[in-house]
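Worksheet for the structure shown next.
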Amino acid sequence: MNYWLMKSEPAVFGIDALAAAPRQTTAWDGVRNYQVRNLLRDDFRRGDRAFFWHSSCAVPGIYGSLRVVRGGYPEPAEPRWYQVDVRLLRRFARPVTLSMLRQHADGSLRDLCVLRRGNRLSITPVTSGQWHRILELADHSTG
DNA sequence: GCCAACGTTGGC
DNA sequence: GCCAACGTTGGC
């Protein structure tokens with residue numbers, strides 16, 4: 001099983017919109033970057049998990065997690081681009097903010113893609129160690 | 001709104 | 001294939 005981090009602007013599609021969607025499931029589409037397209041096409045598998053990142057908003061960070069319920073398949077209208085289906089797994093009581101992640105950017109989080117300068121990919125891989133560390137921050141944070 | 005970073009485009 | 005111009009991302 002792979003772990004991922006998937007960014008979205010909450011003004012466009014945020015975790016609340018996913019929570020309100022039928023079966024809390026949606027197609028994650030609209031990716032227009034070839035590196036990310038290739039991840040969706042070649043590396044996403046049903047059962048993978050992903051963090052849901054809110055970007056371009058007041059408090060950027062991880063607001064919950066997703067499960068991949070369908071691996072990569074072509075967008076119906078533009079089949080050279082790929083999408084996956086995701087279902088809401090958890091909504092965190094409090095987000096794991098970018099600021100928190102920076103404060104804990106030692107150990108397993110040192111190489112977290114989203115902490116690297118100039119990172120612009122909307123989907124990045126997460127290691128198993130990073131995944132579990134971030135869940136600790138979500139569950140043990142007192143805000 | 002600013003701006004750094006970086007992907008894409010297109011002329012040559 | 002080079003590279004300057006341009007567009008987009010996304011934190012601040």
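None of the values given here were measured: they were computed from a predicted structure.
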* To do: Name the nucleic acid region contacted by A:Arg102, choosing base, sugar-phosphate or nothing; use a 4.0 angstrom heavy-atom cut-off, strictly under.
  => sugar-phosphate
* To do: Would you grab the first and last nucleotide of DNA chain C (5' to 3') that comes under 4.0 Å of any non-hydrogen atom in chain A?
  => C:dG7 to C:dC12
* Between A:Trp28 and A:Phe13, what is the ring plane arrangement, given parallel below 30°, perpendicular above 60°, and tilted in between? -> perpendicular
* Identify whether any heavy atom of A:Ser56 sits under 4.0 Å from a base atom; if not, whether one sits that close to sugar-phosphate; answer base, sugar-phosphate or nothing. => base
* To do: Have a look at A:His104 and tell me which of A:Leu115, A:Ile134, A:Leu137 forms a side chain to side chain contact (heavy atoms under 4.5 Å, CB included) with it.
  => A:Leu137
* When you measure from every atom of DNA chain B, which of residues 117-126 of chain A have a heavy atom less than 4.0 Å away? -> A:Arg117, A:Gly118, A:Arg120
* Asked: Okay, side chain of A:Asn33, backbone of A:Ser122: is any donor-acceptor separation there less than 3.5 Å?
  -> no
* To do: Please check if atom CZ in A:Arg37 has more than 12 non-hydrogen atoms from other residues, nucleotides or ligands closer than 6.0 Å.
  => yes
* Asked: Base, sugar-phosphate alone, or nothing: which one does A:Gln35 contact when heavy atoms must sit under 4.0 Å apart?
  -> sugar-phosphate
* **A:Phe51: ring-ring contact (aromatic ring centres under 6.0 Å, His included) partners, not counting sequence neighbours** => A:Trp131
* Could you tell me whether A:Arg46 and A:Asp85 have a side-chain N and a carboxylate O separated by less than 4.0 Å? => no
* Asked: Near A:Arg23 CZ, under 6.0 Å, is it more than 12 heavy atoms from other residues, nucleotides or ligands?
  -> no
* Please check if the distance between the ring centroids of A:Phe52 and A:Trp4 is under 6.0 Å. => no
